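Before any comments, here is the structure.
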Amino acid sequence: MENKLNSKELKGYFNSGRILFVKIIDFPDYKGTSSDFDEILNQENISGFKGVNEIENFLVREDGNVYGYVESGYIEYDDGNSISKKINIENIDENYVEIDSIDNCLIIFVSLKTSQIVGYYKNATVYRERQKLDNPLSCHLKIE
């Protein structure tokens, strides 16, 4: 999958404001390999959640798409139930207050450990709520 970002495209994203910075756990290669899985079992992010779904953030699926997992956290209730928090996509574009997703975004993944950029998606769709998919189990991001 070709996903190179040229300077004209980058300027367009900055002008549109459709950029989302996402901090993710560090992995050897972010492709869903066994070495990545072994690494995640030994790491824990700031919230204490072990981000197993993050392992496959840059893995091209059989359908040709790439799905990205973003840990948006959970709201815990006294009865033991919880629901996942939503991404406030109106912070990306204020016109999307009542909309479930926003297209044509630049997602920049930043390492939790080093704060370095480890990858990006261009032309991404950001979903307000996690999408339940067969594989991966849930995601907030999609590029075609």
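In this text the structure is predicted, and so the values were computed from the model without any measurement.
Taking every heavy atom of both residues into account, Val118 and Ser111 meet most closely at CG1-CB, 3.9 Å. Taking every heavy atom of both residues into account, Tyr120 and Leu106 meet most closely at CD1-CD1, 4.0 Å. Heavy-atom minimum distance, Ile89 versus Asp100: CD1-C, 3.9 Å.
No hydrogens or angles considered: a donor-acceptor pair under 3.5 Å links the side chains of Tyr13 and Asn123.
Counting heavy atoms from C-beta outward, Glu90 and Arg128 have side chains that approach closer than 4.5 Å. Using a 4.5 Å heavy-atom cutoff, the side chains of Cys105 and Leu20 are not in contact.
Without hydrogens or angle criteria, Arg18 side chain to Asp103 main chain gives a donor-acceptor distance under 3.5 Å. Using modelled atom types, one side-chain atom of Lys122 and one backbone atom of Lys4 make a donor-acceptor pair closer than 3.5 Å.
There is no path of hydrophobic side-chain contacts, each under 4.5 Å, that joins Phe109 to Tyr127.
Atoms CG and CD1, on Leu10 and Ile108 in that order, are 7.0 Å from each other to the nearest 0.5 Å. Atom CD1 of Ile102 sits about 5.5 Å away from atom CD1 of Ile92, to the nearest 0.5 Å.
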